[in-house]
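Here the structure is a predicted model, which means the values were calculated and not measured. Values reported hereafter were calculated over all heavy atoms of this structure, with side chains retained and with hydrogens, waters and symmetry mates removed.
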Amino acid sequence: AAYYKREGRVVEVLLDACPEMIKRATDMGTLPLHVAYTEVTARYLVDAYQDVVKMRDGDGEIPLHGSASWGESGSVRVLLEAGRRCYVGGHSGASGALVCDKKGKSPLDSCCELIVATSERVGQELIWGDGRGGGLRQSFVYRRLPMDGNTALRELEGDEARDSWHKLELLAMEAATVVLNDMPTENKTIPLLHA
């Protein structure tokens with residue numbers, strides 16, 4: 001229900017019927033919050049068990065990784081708020097925005113990669129080849145291809161495109177806050193500009 005973006009009420013009813021399922025992972029270590037792509041679903045799951053925002057799946061991803069790449073900006077906002085309360089990633093984790101998975105990628109990286117991957121499309125064909133979409137971006141898109149309903153299979157338009165950029169803004173601002181807090185006073189404008 002979370003993965004397929006069913007109405008929040010469906011998730012709420014299922015959660016009420018079997019609350020322990022919020023902590024039950026798939027064979028890959030995926031919890032419902034890892035695939036809570038809408039704001040309402042993320043809110044229900046976080047309210048039911050807040051500590052799940054820290055839990056990692058088999059790839060070492062926290063729930064924010066999934067929302068950053070495949071979710072809506074509202075779910076990213078919910079997970080960042082919960083990440084602040086639960087201190088996800090500690091002092092330098094930026095509420096989860098800078099927490100790295102087993103491959104060294106953060107939710108901020110995942111969001112950027114999705115935007116790049118969808119901008120490298122021509123019609124319905126992926127751009128592969130030397131210097132045009134290969135390398136790390138190719139492996140990122142390829143890894144996500146088997147998933148039903150993912151946004152890397154088509155170009156983003158209108159509200160969906162704006163929402164992707166809004167996710168990037170939320171994650172970058174959260175990361176910039178950590179960077180700014182660690183910098184001497186005289187250098188505070190430089191990290192924000194880089195972020």
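Residues passing the salt bridge (Lys or Arg N to Asp or Glu O under 4.0 Å) test with R56: none are found, sequence neighbours excluded. Evaluation of the side chain to side chain contact (heavy atoms under 4.5 Å, CB included) rule for L170 yields S73, V76, R77, L80, H166 as partners, not counting sequence neighbours. Listed by chain and number, the residues in a side-chain hydrogen bond (donor to acceptor under 3.5 Å, both in side chains) with R85 are Q50 (sequence neighbours excluded). Legend: residues meeting salt bridge (Lys or Arg N to Asp or Glu O under 4.0 Å) with E169, ordered by chain and number and at least two apart, are absent. In this structure, the side chain to side chain contact (heavy atoms under 4.5 Å, CB included) partners of I22, at least two apart in sequence or on a different chain, are L15, L45, A48, Y49. In this view, R9 and E12, V13 satisfy the side chain to side chain contact (heavy atoms under 4.5 Å, CB included) rule, not counting sequence neighbours.
Taking a 4.5 Å side-chain heavy-atom cut-off between Ile, Leu, Val, Met, Phe, Trp and Tyr, the cluster of L14 extends to V10.
Side chains of K102 and D59 form no contact here, defined as non-hydrogen atoms less than 4.5 Å apart. For the pair I62/D57, no side-chain contact is recorded, criterion being any heavy-atom separation below 4.5 Å from C-beta on. Within the 4.5 Å cutoff, the side chain of T30 has heavy atoms near those of the V35 side chain.
Closest approach of S75 to Y37, counting heavy atoms only: OG-O, 3.4 Å. A pairwise comparison of heavy atoms in M55 and P63 identifies O-CD, 3.3 Å as the closest pair. Nearest heavy atoms, C111 versus L171: CB-CD1, 3.7 Å. Between P107 and H65, the shortest heavy-atom distance links the atoms CD-NE2, 3.5 Å. Annotation for V46 and A82: closest pair CG1-CB, 3.7 Å, computed over non-hydrogen atoms. The two residues T41 and A2 make their nearest non-hydrogen contact at CG2-CB, 3.8 Å.
Expressed to the nearest 0.5 Å, how far OG of S110 lies from NZ of K105 amounts to 7.0 Å. The SG atom of C100 lies 11.0 Å from the CD atom of E61; values are rounded to the nearest 0.5 Å. In this structure, CG on L64 lies 10.0 Å from CG on L98, to the nearest 0.5 angstrom.
For the side chain to side chain donor-acceptor pair (under 3.5 Å) condition, no pair includes a residue of residues 20-29, sequence neighbours left out.
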